[in-house]
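Have a look at the structure below, then the notes.
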Amino acid sequence: MNVHFHKPDVGTKKATEQYHEPAAELSSETRTFARMITGLVEEAEAIGWYEQRISLEKDKEARAIMENAQKEEFKHFGMDLEFLLRRKKEWREILRGILFTDGDIVEGAEKAEKKAD
């Protein structure tokens, strides 16, 4: 999939590619939100990388260190997610119907989404 980013107007700089709109035009709250989304993605990537490393590591002590590091990344992921959910109440309502529930995940998600609408 090709992703095309909005090119900022001349004289408008972006610190990173995390913004798809000119950063100077975004509110402080929106820029913080974008940073937290970026952090969430980075933590998820790190969790995945550790999962791969752990699955291949033969040395028990090295694997234990990697598992510990992965748990830290998971904690950071959870904190980032909680920050975002405190600002997006509808997201929290939808996730209440998905997370920590039994039964079919997709069915729970569909019900939660309809309830939030």
Side-chain angles (χ1 to χ4, degrees):
M1 173 168 90
N2 292 334
V3 178
H4 300 281
F5 296 103
H6 170 76
K7 295 280 187 190
D9 297 331
V10 175
T12 304
K13 295 182 182 179
K14 293 195 296 181
T16 69
E17 289 300 321
Q18 73 188 15
Y19 302 115
H20 297 280
E21 300 296 332
E25 295 180 30
L26 299 173
S27 69
S28 175
E29 293 82 13
T30 299
R31 289 192 311 270
T32 296
F33 192 84
R35 287 185 204 107
M36 295 305 290
I37 289 283
T38 298
L40 187 72
V41 169
E42 291 169 350
E43 299 300 343
E45 287 176 341
I47 291 165
W49 295 334
Y50 277 115
E51 190 68 20
Q52 293 175 44
R53 292 172 188 158
I54 291 164
S55 75
L56 297 176
E57 185 53 57
K58 304 284 189 252
D59 186 287
K60 189 175 181 177
E61 186 175 25
R63 192 171 52 254
I65 292 167
M66 291 175 197
E67 288 168 347
N68 181 275
Q70 185 186 44
K71 286 178 187 171
E72 283 296 311
E73 302 299 348
F74 191 70
K75 179 181 75 174
H76 300 158
F77 177 89
M79 291 188 302
D80 288 348
L81 181 59
E82 181 62 23
F83 178 93
L84 295 165
L85 293 177
R86 288 182 183 186
R87 281 147 182 83
K88 296 288 186 179
K89 302 300 182 189
E90 183 178 339
W91 292 8
R92 181 179 294 285
E93 288 304 312
I94 292 170
L95 288 185
R96 279 194 177 123
I98 301 169
L99 300 176
F100 312 109
T101 62
D102 296 321
D104 185 274
I105 295 170
V106 174
E107 186 177 303
E110 293 296 327
K111 286 180 183 177
E113 187 176 27
K114 285 179 185 174
K115 184 179 176 182
D117 286 340

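Because the structure is a prediction, the values reported are computed rather than measured. One is the number of the first residue; the rest follow in order along the sequence.
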message: Strictly by side chain to side chain donor-acceptor pair (under 3.5 Å), give each pair with a member in residues 58-73 just once, sequence neighbours left out.
response: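 For residues 58-73: E51-Q70, E72-K75.
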query: Which pairs, with at least one residue in residues 108-117 and sequence neighbours excluded, count as a side chain to side chain donor-acceptor pair (under 3.5 Å)?
result: E107-K111
Side chain to side chain donor-acceptor pair (under 3.5 Å) against E93, all qualifying residues, sequence neighbours excluded: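 If we apply the side chain to side chain donor-acceptor pair (under 3.5 Å) test to E93, skipping adjacent residues, the hits are R96.
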- prompt: To the nearest 0.5 Å, what is the distance between CG (L84) and CG (L95)?
  reply: 10.5 Å
- line: dist I37:CD1 -> E42:CD (nearest 0.5 Å) comes out at 11.5 Å
Residues in side-chain contact (heavy atoms from CB on, under 4.5 Å) contact with [X], at least two apart in sequence or another chain:
| X | result |
| --- | --- |
| A64 | none |
| T101 | none |
| L26 | Y19, E21, T30, R31 |

message: According to ring-ring contact (aromatic ring centres under 6.0 Å, His included), does anything in residues 42-90 pair up with another residue at least two apart or in another chain? List the pairs.
response: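 Checked against ring-ring contact (aromatic ring centres under 6.0 Å, His included) - neighbours excluded - no pair reaches residues 42-90.
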task: Please list all pairs passing the ring-ring contact (aromatic ring centres under 6.0 Å, His included) test where one or both residues lie in residues 90-117, with sequence neighbours left out.
output: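 Those involving residues 90-117 are F33-W91.
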field: In one Ile/Leu/Val/Met/Phe/Trp/Tyr side-chain cluster, 4.5 Å: L85, L99
entry: yes
- request: Determine whether I47 and I65 fall in the same hydrophobic cluster, where Ile, Leu, Val, Met, Phe, Trp and Tyr are linked whenever their side-chain heavy atoms lie under 4.5 Å apart.
  value: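 No, it is not one cluster - the side chains of I47 and I65 are not joined through contacts under 4.5 Å.
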Closest contact, heavy atoms only, [X] versus [Y]:
| X | Y | result |
| --- | --- | --- |
| R86 | K89 | O-NZ, 3.2 Å |
| I94 | A116 | CG1-CB, 3.6 Å |
| A112 | G97 | CB-CA, 3.7 Å |

task: Kindly determine whether I54 and E57 satisfy side-chain contact (heavy atoms from CB on, under 4.5 Å), including the steps that lead there.
output: CA-CA 5 Å; I54 291 164; E57 185 53 57; 5.8 Å; no
Fellow cluster residues of L56, listed by chain then number, with links counted only when side-chain atoms sit under 4.5 Å apart: none
query: Considering only heavy atoms from C-beta outward, does the side chain of T32 approach that of R35 to under 4.5 Å?
result: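 When only atoms from C-beta onward are counted, R35 and T32 do touch, with a gap below 4.5 Å.
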